Amino acid sequence: MVLSEAGSNSRELQAALDHYKETDKRIHATAVYTVGAALGRKGVAGEGLDSIEALYRSLPGKYQWLLTPDQQKRGRQYAAMPVVSTSDAEALTKEFIISNIDDAWALRKSRKWLDGLPDELFCEMLLPYRIDNEPLTLWRGRYRAWLSDLEDSLADCHSSVAAARMIAERIGSCHYNDQLPTPHRSALALLEMPLGYCRDDCDRTLYAMRAMGVPVAVDRILVSPENGAGHSWTVVWDNIDGLMRLFDNGAYLPTRDSIYYDQRRKGKIYRSTFAPELERLARYREAVSPPQILLDSHLKDVTSEYFGHNRAEVELWSNPDGGHHADVYLGVFAGGRFNPVDIATLRGGKAIFTDIEPNMIFAPVTSDGYVCGYPFMLDSDGGVVSFIPSDSRRDKLTLTRKYPIRFHLRERMASVVGLHVQTGPTPHGPWRDLEVIESAPNHNYRRISFQHRLPEQYLRLYKRDGKPALISMLMACRDSLGLDCIPLSVAGSDESRNRYERILIPDQSFQLDTGAEDCVVKIEASPSEVKSVFLIPPNDDNYILPEQEYELMFFAGADGWKSAGKKTATGFSLDFEAPAGALLWLRNLTKGREEQIFIWRKGRQMFNIDLYEAPCFTPTTD
């Protein structure tokens with residue numbers, strides 16, 4: 001098939017195959033695999049993409065990896081410019097193919113940890129000449145030159161995981177930047193300007209690891225059960241036990257002690273493959289209008305490697321015509337609907353889902369997102385828990401958030417622990433503590449206790465434990481809800497004012513470093529007017545806020561979502577009643593778009609992230 005797709009370039013592909021015809025059968029087989037993997041693959045290029053790379057190269061680096069508003073505007077214009085797609089079958093040359101295969105095999109023979117690497121994993125985790133649709137480049141030598149200082153250590157290494165850790169520590173993570181939509185960036189561009197989001201970080205890691213002989217791959221979720229976005233991460237093959245170890249180059253460095261949890265719920269996990277994964281696609285052969293995202297031929301279902309094999313049978317409702325639905329999918333909630341992430345097997349009015357993450361909320365849905373059975377969860381014991389609202393029992397709920405507290409937010413908010421909030425009569429004191437924050441805030445507004453001492457004209461923030469504090473805003477208010485704010489100004493030198501002026505601007509967080517000049521703020525009114533002081537840590541603005549209107553929804557079955565009532569908050573929490581056992585969804589009708597489903601359990605809101613339980617199984621290597 002690939003030779004037919006290649007047209008006149010088929011002679012280049014055939015010449016590469018012929019080059020290995022008289023060699024070791026295993027090497028010839030990898031040549032066949034490489035040529036076969038070119039089927040349907042394309043790279044994209046264009047002047048607009050080149051201009052975006054020029055924008056990235058113009059960034060000063062070190063501390064500034066984000067585009068200015070003007071650069072971002074130009075970048076969006078570049079991103080909208082037409083691109084040219086070229087199929088690999090038509091572009092690959094004999095020399096390119098041979099260079100890639102010979103390099104991969106030379107590494108296989110020289111690295112001690114590759115002695116037991118199965119051929120199929122070699123083809124998928126070391127051999128690939130590209131990752132996705134990035135421009136073709138001769139990247140192996142360039143990355144090896146970059147990491148040449150590790151060569152002696154790697155030559156003596158017997159563990160693939162230890163080798164991966166050396167490289168991960170050496171290269172670090174890409175600098176985060178998701179401002180512009182682009183195809184995959186080229187290997188050499190990532191080497192020159194290491195910025196991007198999780199996809200780009202994974203790409204750069206794969207290039208570096210594979211160039212040094214470490215077998216790695218990218219695993220991904222199509223729809224996050226926490227924030228709705230996709231996400232990618234890297235795994236390394238462990239030559240000791242044959243398992244795949246999840247890692248990144250920052251918080252989760254490669255280790256043989258690694259567990260399969262990085263504080264993200266996943267639901268359904270796919271591995272990006274080099275060659276087409278036809279076995280998975282066969283499940284969609286008879287499906288009517290399946291979601292396009294599930295027809296990616298380079299996705300392999302690897303959920304069982306993380307959570308073991310399991311099975312959930314879920315009762316379906318009849319369709320509006322009284323019959324059965326033609327196709328049913330596993331749905332993950334995001335963006336106000338359940339999004340399909342896998343197809344079910346149908347049998348006798350039931351949908352059968354296999355290999356899913358336990359203790360997470362799903363729903364059976366049609367291809368267009370219509371829910372066709374009660375939302376459910378597979379518990380740790382393998383039982384199916386359906387969320388069916390009770391007709392006779394109601395729960396009394398006190399709600400504080402509409403969105404899960406993800407680990408990034410938890411870490412940012414906890415950074416203020418140890419912060420001193422003080423007051424004094426002059427910009428130079430003397431200073432007296434209003435409060436020393438001893439625990440992470442449980443809301444985006446931290447109301448400072450006066451402890452029988454009213455604020456004076458100036459407020460001071462300082463931290464002396466060696467760890468920086470992340471702060472979004474400081475407010476002095478005439479009320480207890482943070483609604484009637486008193487003007488503040490930053491006191492001190494010009495440098496101090498430039499450093500801390502963001503403390504007065506909503507959504508402009510800054511870092512208070514230990515050893516830096518103290519942050520001093522003047523209350524531009526009589527201190528006697530101050531009824532409360534609020535410290536706002538960096539947050540996602542998804543807590544209940546006064547004077548905003550909310551609606552609690554519950555999933556009522558075939559009738560879909562129903563309202564349990566609307567309320568305008570008068571404080572930092574809301575009380576509702578809802579049918580016991582129901583799936584719930586709190587909506588902010590005033591502003592915002594980040595909302596997620598939850599259940600009421602043990603007297604509190606429990607989002608998917610709160611339902612996690614460590615799996616108690618041993619992953620298999622088959």
Side-chain angles (χ1 to χ4, degrees), residues 1 5 37 39-42 85 87 132-133 183 199 218-225 228-232 265-307 309-357 360-376 378 384 558 560 597:
M1 292 177 64
E5 183 181 307
L39 181 66
R41 281 202 173 275
K42 295 181 179 181
S85 297
S87 74
D132 198 277
N133 59 0
R199 181 201 70 184
V218 169
D219 287 357
R220 56 188 290 206
I221 50 178
L222 305 179
V223 179
S224 167
H231 181 63
S232 304
R265 301 308 304 270
K266 299 175 177 66
K268 198 70 183 174
I269 305 168
Y270 294 99
R271 182 163 296 149
S272 296
T273 64
F274 181 43
E277 180 63 25
L278 301 180
E279 182 179 349
R280 186 190 66 85
L281 281 184
R283 299 178 59 206
Y284 296 86
R285 189 171 296 133
E286 305 300 324
V288 179
S289 301
Q292 194 63 36
I293 193 173
L294 297 178
L295 298 183
D296 186 338
S297 61
H298 294 93
L299 294 179
K300 178 182 180 181
D301 185 349
V302 294
T303 313
S304 63
E305 292 186 17
Y306 289 73
F307 307 110
H309 292 294
N310 54 44
R311 172 188 175 101
E313 293 190 14
V314 180
E315 294 278 353
L316 300 176
W317 307 318
S318 299
N319 65 29
D321 297 327
H324 295 303
H325 295 277
D327 304 305
V328 175
Y329 298 84
L330 182 70
V332 170
F333 189 87
R337 65 191 292 266
F338 282 95
N339 300 264
V341 295
D342 190 25
I343 195 168
T345 299
L346 301 181
R347 188 175 300 157
K350 292 184 177 181
I352 301 172
F353 301 103
T354 57
D355 299 348
I356 63 176
E357 182 174 6
M360 210 193 87
I361 302 166
F362 301 97
V365 296
T366 60
S367 61
D368 59 0
Y370 170 75
V371 179
C372 50
Y374 279 108
F376 71 95
L378 183 69
V384 174
I597 53 175

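If you're wondering where the values come from, they're calculated on a predicted model, not measured in any experiment.
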Exercise. Where do Leu316 and Leu346 land on the side chain to side chain contact (heavy atoms under 4.5 Å, CB included) test, with the steps shown first?
Worked result: CA-CA 9 Å; Leu316 300 176; Leu346 301 181; 3.9 Å; yes
For this session: Go through the steps to decide whether Tyr270 and Val302 satisfy the test side chain to side chain contact (heavy atoms under 4.5 Å, CB included), and finish with yes or no.
Result: CA-CA 5 Å; Tyr270 294 99; Val302 294; 5.8 Å; no
For this session: Show your reasoning for whether side chain to side chain contact (heavy atoms under 4.5 Å, CB included) applies to Phe333 and Val371.
Result: CA-CA 11 Å; Phe333 189 87; Val371 179; over 6 Å; no
Exercise. Does the pair Phe362 and Leu378 meet the rule for a side chain to side chain contact (heavy atoms under 4.5 Å, CB included), with working shown?
Worked result: CA-CA 9 Å; Phe362 301 97; Leu378 183 69; over 6 Å; no
For this session: Begin with the C-alpha distance, continue with both residues' side-chain angles, and end with the deciding distance and a verdict on salt bridge (Lys or Arg N to Asp or Glu O under 4.0 Å) for Glu277 and Lys300.
Result: CA-CA 6 Å; Glu277 180 63 25; Lys300 178 182 180 181; 5.5 Å; no
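Summarising the geometry, atom OH belonging to Tyr306 is positioned 13.5 Å from atom CG belonging to Asp355; distances are rounded to the nearest 0.5 Å. Arg280 CZ to Ile343 CD1: the interatomic distance, rounded to the nearest 0.5 Å, is 10.0 Å. Taken to the nearest 0.5 Å, the OG atom of Ser87 stands 12.5 Å off from the CZ atom of Arg41. Note: Asp219 CG to Ile221 CD1 = 10.5 Å, rounded to the nearest 0.5 Å. Separation of atoms CG (Asn133) and OG (Ser85) is listed at 8.0 Å; rounding is to 0.5 Å. Summarising the geometry, atom CG belonging to Asp368 is positioned 9.5 Å from atom OG belonging to Ser289; distances are rounded to the nearest 0.5 Å.
The two residues Ala275 and Ala37 have their closest heavy-atom pair at CA-CB, 4.0 Å. Shown here for Lys266 and Glu357, the closest heavy-atom pair between the two residues is N-OE1, 2.7 Å. Contact between Val365 and Pro340 at its shortest, heavy atoms only, is CG2-CG, 4.1 Å. Minimum interatomic distance between Ser224 and Ala334 (heavy atoms only, all atoms of both residues): O-CB, 4.3 Å.
Using bins of under 30°, 30° to 60° and over 60° for the plane-to-plane angle, the ring pair Tyr329/Tyr284 lands in the parallel bin. Phe376 and Phe353 have parallel rings, their planes meeting at less than 30° on a 0 to 90° scale where 60° marks the start of perpendicular.
Here the side chains of Ile356 and Asn310 are in contact, with some heavy-atom distance below 4.5 Å. In this structure the side chain of Cys372 reaches within 4.5 angstrom of the side chain of Val328, judged on heavy atoms. Using a 4.5 Å heavy-atom threshold, the side chains of Pro290 and Ser367 count as separate. Contact annotation: the side chain of His298 approaches that of Pro276 to within less than 4.5 Å [non-hydrogen atoms, C-beta and beyond]. Asp342 places a side-chain heavy atom less than 4.5 Å from the side chain of Arg283.
Each of Val223, Leu294, Asp301 was evaluated against Lys268; a single residue qualifies, Asp301, per the side-chain contact (heavy atoms from CB on, under 4.5 Å) test. Put simply, the residue from Val332, Ile269, Asn339, Leu299 that forms a side-chain contact (heavy atoms from CB on, under 4.5 Å) with Leu222 is Leu299.
Side chain of Glu5 to backbone of Gly40: a donor-acceptor contact under 3.5 angstrom is found.
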